[in-house]
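For ligands, and for the atoms within them, numbers begin at 1 and follow the listed sequence. Only heavy atoms go into these numbers, but all of them, side chains included; no hydrogens, no water, no symmetry mates.
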Amino acid sequence: MLHDSWPFNKTLIGLLFFLIQSFLFFTPPSAFSKREHLVYFPNTAYELNVYRIYGKRPGKTLMLIGGIQGNEPGGFLSADLYADMSLEKGNLIVVPRANFYSILLNKRGPHGDMNRKFTHEDATDSMEDKIVSILKKLIGQSDYLLNLHDGSGYYYHEFIDKWRNPRRFGQSIIADCKAYIVPETKKPINLGEIARKVIAVVNPHIQNELYKFHFNNTRTADSDSSHKEQRKSATFYALTKHHIPAFGIETSKFLPSINLKVRYHNLVINAFMNLFDIVPEHPGIALEPPVLKYLVLSVNGQAATVVKDEHTIYLRAGDSIHVSHIEANYERGLSLDILGYGDLNDFRKDLVIFRDTSLIARKDNQKFAEIPIIISKSSGIEGSERVRPKRVQSLIIKACGHRILLSDGETLDLVKGEHMKIVGIIPSFLSR
Ligand SMILES: [Zn+2]
């Protein structure tokens, strides 16, 4: 019987080894910090960019939300700097501009305050609701949340004057309570203690007494809270739905410069990251493969054209070309070489071309784009799809007080001295 069961056991052991190997293969200790960039609603006024940064070593995930209210640039310009960060340990989810529409209009909430839409139920009526649903999912994947704001005046625990009192928000670290008890585990999340530790690190870097940070407990859930509206905020949602420490960070709108607002946000975020053991890499290593976005090229000193990787450049023998700009995902180490002409770097040079060649873009010594140059009877740029306007089919002309559609081959009769204007061109697209 023992003999009979051997093949089965062997299969089982084999399977086990396979599983162990697969596990090791799919979760190797990553040598480099990794990043992901997701764009929702691209090229709209609501474009939402989400950056996920993974550290070399595993750790906690901190989410940063900036620009949930469009007229608070300190928050979103600070978040921007973290979107490009590399990490030694732990992870970041950065949404620099949660409400791009409100940023474009420089208003708090043109369609209502987005930070009052984080109820436990999902709504999808508006673009703001759709964005909030995405943010809620990301909060669910995080261990901590910081929502970055610029508030009016200066928060003080006691009433001092109109702009320094408990109703103001500037220069404060806000939590919905001092300690939140997680219902299932009965364990406390000591928000007040975390905030005080951060403040103890940050304030020694701030000279002006007025600009020092204070802990602002909104006591959101209390029946006598003066901030009941915060029950629909991102931080209250994060705390009560996902039971993660969540804070609002407020610099003051009254600070003398935008640089100072960003600097104070950075100081606070850095202190939180340090406390949560999320470790940045200095300087950050992000060696992505070089990609050409486009070149700006002019022929015979004429108006510049955009040339992309998939294009072909047609020249007449003796035409002079000049590349004035290389747009790539790198700024340094770029060069441009026209094979057989000039020297190793032909960027921003005028070169006269007589025979077929290629235009090579390099990052350091790595070729990342090659665009053919072909000598023909006329010059021009063509896409790989080989579709371009070949000739004008009709012109729209404004004359004699009318708009006239004039097709190829037709004649327009005008009285001598009469004004005419070409207001539109209708090309005929011919594919080769
Ligand atoms: Zn705000």
I'd like to know if E128 pairs up with K117 as an ion pair, taking the criterion as any Lys NZ or Arg NE/NH1/NH2 lying under 4.0 Å from an Asp or Glu carboxylate oxygen. no
Examine Q69 and say whether one of its N/O/S atoms is closer to the Zn ion (ligand 1) than 2.8 Å. yes
Considering only N, O or S atoms, which atom of H149 is nearest to the Zn ion (ligand 1)? ND1
Given the ring of F118, does K232 sit roughly above its face, with NZ or CZ under 6.0 Å from the centre of the six-membered ring and within 45° of the axis? no
E250 near the Zn ion (ligand 1) via N/O/S, less than 2.8 Å: no
Note: E288-R35 ion pair, threshold 4.0 Å (strictly below): yes
Gap between atom CG of D346 and atom NE2 of H322 - 0.5 Å precision: 11.5 Å
